[in-house]
Amino acid sequence: MVRVFAAALRTMTNRIRPADPADPARPGTRGLPALELAARPRPWLHALALTAVVLVGAWLGLLIVGNVRAPVGPMNTTMALRPSLSGGTKINVSPLGALTLDSHVAPLRLDVNVDQLDPLRSQALVDHPERISGLQDEVARDVEHGTLDLALRSCVAVVAGATALGLAVYRSPRRALTAGGLALALLAASGASAYATWNPKSILEPKFSGLLSSAPSVVGNARSIVTEFNVYQQELARLVTNVTKLYDVTSTLPAYQPDPSTIRVLHVSDIHLNPASWKIIASLVEQYKVNVIVDSGDTMDHGTAAENGFLDPIRDLGVPYVWVRGNHDSRVTQRYLQRMKNVHVLDDGRAQTVAGLRFAGIGDPQFTPDRSVVPGGNAAEQLAGDRLASALRDQKAAGTPVDVAIAHEPSAARETDGEVPLVLCGHLHHEGDEMLPYGTRLRMEGSTGGSGLRAVEHKYPAPIEASILYFDRDSHRLQAWDAIKLGGLGETTAEVSRHLADENRPRSTPSRSTPSPSSATSSAPAP
């Protein structure tokens with residue numbers, strides 16, 4: 001693109017250059033009088049071409065080398081200046097969305113991308129709580145240093161970009177340096193405009209986009225955060241502490257020794273938009289050598305198209321992902337997941353064989369975020385369970401019996417009693433195990449997202465829960481399971497409990513929702 005642009009500008013400047021009879025570089029003109037029209041200067045064309053060189057060169061310079069990586073508190077960020085008609089500041093917090101601030105008026109916008117949380121700096125805050133009181137000043141200093149570095153790098157970038165493009169177009173060092181000087185003057189003028197129009201109160205009125213559009217109703221308005229900064233500071237520290245400890249705890253979970261005769265299934269549920277869940281799931285997949293993941297729904301919170309980007313890490317988990325729709329998942333969510341190659345969406349009793357096991361499932365018949373529809377309640381759930389049970393009978397009659405059924409709501413899952421050895425569900429945000437009257441085992445998973453945003457609604461936050469299910473490769477029957485429980489927001493514990501299926505337990509007696517006497521429990525202490 002740069003070569004084409006340079007060639008076009010050279011052509012334009014050659015056309016407006018006066019004819020020189022003595023110019024050997026222009027054959028056919030020696031000894032011929034120059035046309036009066038060609039000799040007439042056109043300074044506005046020269047100015048237009050030079051302006052284009054300055055603007056395009058400065059933009060390319062900023063784009064290529066104008067980024068600065070800067071630590072801000074416990075976070076790693078990337079700062080950059082980008083051309084803009086309105087100016088302002090944009091803070092990107094992937095995958096949640098962005099905040100836009102009307103911080104200044106200038107032809108440049110400040111982009112700040114929050115890349116990741118630095119575990120070492122976060123752990124320092126955990127180990128030394130007294131540093132939290134100085135977190136505000138530390139963040140302010142980091143932002144100041146980052147913007148100064150960005151200003152210096154931007155000056156170098158625009159001058160280098162405009163000079164290089166000027167040299168490519170004009171083949172003249174003098175004109176190239178002129179382009180570089182004009183680019184620097186343009187940047188300085190933009191900086192002066194930003195300084196003159198700087199609005200520090202813009203932080204009180206941010207504009208949210210993406211998933212953060214619900215942030216004001218979740219965390220309160222920004223003005224209350226400013227007026228009660230001590231409370232906000234403590235909650236921020238708790239969030240940082242919690243994420244750090246989750247990383248530490250999941251890295252020390254005990255690993256299950258692989259057995260060629262065992263199929264390992266990771267059961268997750270009710271993630272509710274908690275981005276930390278994907279790190280935990282990936283860690284469990286790697287450490288337990290998981291063959292397939294089963295998600296029993298409520299992966300989302302509102303089921304909007306804006307939330308779909310939250311699901312993208314599923315592609316990178318490296319194993320098949322079996323999913324059924326929860327009451328917080330919409331048809332939009334379902335269609336988005338159906339386009340992923342490693343995802344198997346089950347609905348209407350449809351069965352698929354994945355990783356050696358045959359699964360069948362049904363999506364939740366209700367979508368509760370839609371307030372325009374009257375909820376169907378338990379009657380709708382039981383009807384969905386009846387449809388799933390009918391599909392299971394059809395599969396059995398066809399000689400392809402299902403090994404594991406999946407529904408989101410427990411009342412729907414109970415309708416499959418007697419039709420399948422095991423049914424998985426979620427919804428209630430706590431773990432449970434129950435032997436139904438006709439021999440089907442119901443395994444209910446807790447919230448793998450620690451109930452997502454709901455974690456801050458109660459005095460004691462919900463734990464993060466998941467299970468590893470061990471199946472015999474020949475009989476396809478559940479042999480044992482590990483119930484994994486991590487402390488929720490502000491907690492630092494991790495517990496892994498081994499449970500044997502009733503038929504594999506020595507001198508077993510039927511039990512309902514109680515830990516087995518042979519259960520083995522290990523706990524990871526607080527880091």
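For the single chain, residues carry numbers from 1 onward in sequence order.
- Residues meeting the side chain to side chain donor-acceptor pair (under 3.5 Å) test with T333, sequence neighbours left out: S330.
- Of the inter-residue distances, the one linking R82 atom CZ with L63 atom CG reads 5.5 Å to the nearest 0.5 angstrom.
- What you find for F367 and D329 is that their closest heavy atoms are CD1-O, 3.6 Å.
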Open item on the list: Using the rule given for side chain to side chain contact (heavy atoms under 4.5 Å, CB included), can you reason through D270 versus E445, listing the C-alpha separation, both sets of side-chain angles and the distance that settles it, and then say yes or no?
Closed with: CA-CA 8 Å; D270 296 88; E445 192 53 76; over 6 Å; no
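- N327 and T368 share a side-chain donor-acceptor pair at under 3.5 Å.
- Put simply, CD1 on I293 and CG on L317 are 4.5 Å apart, with the number rounded to the nearest 0.5 Å.
- Residue R69 qualifies as open at atom CZ: its count of foreign heavy atoms under 6.0 Å is 12 or below.
- Interatomic distance, CG of L81 versus CG of D111, reported as 8.5 Å (0.5 Å rounding).
- Between H272 and H328, the ring planes are perpendicular. Angles over 60° get that label, and only those under 30° would be called parallel.
- Salt bridge R331/D347: present, at least one basic N to carboxylate O contact under 4.0 Å.
- Atom CG of L311 sits about 5.0 Å away from atom CD1 of I314, to the nearest 0.5 Å.
- Between the CG atom in L266 and the OH atom in Y288 there is a gap of 10.0 Å [rounded to 0.5 Å].
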Task: Worked verdict on S193 versus H104 for side-chain hydrogen bond (donor to acceptor under 3.5 Å, both in side chains) - done: CA-CA 8 Å; S193 175; H104 62 276; over 6 Å; no
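- A distance-only check finds no donor-acceptor pair linking the side chain of D295 to the backbone of H267 [under 3.5 Å].
- Across all non-hydrogen atoms, the minimal contact from F310 to T299 is CE2-O, 3.8 Å.
- No hydrogens or angles considered: nothing links the side chains of E431 and S467 as a donor-acceptor pair under 3.5 Å.
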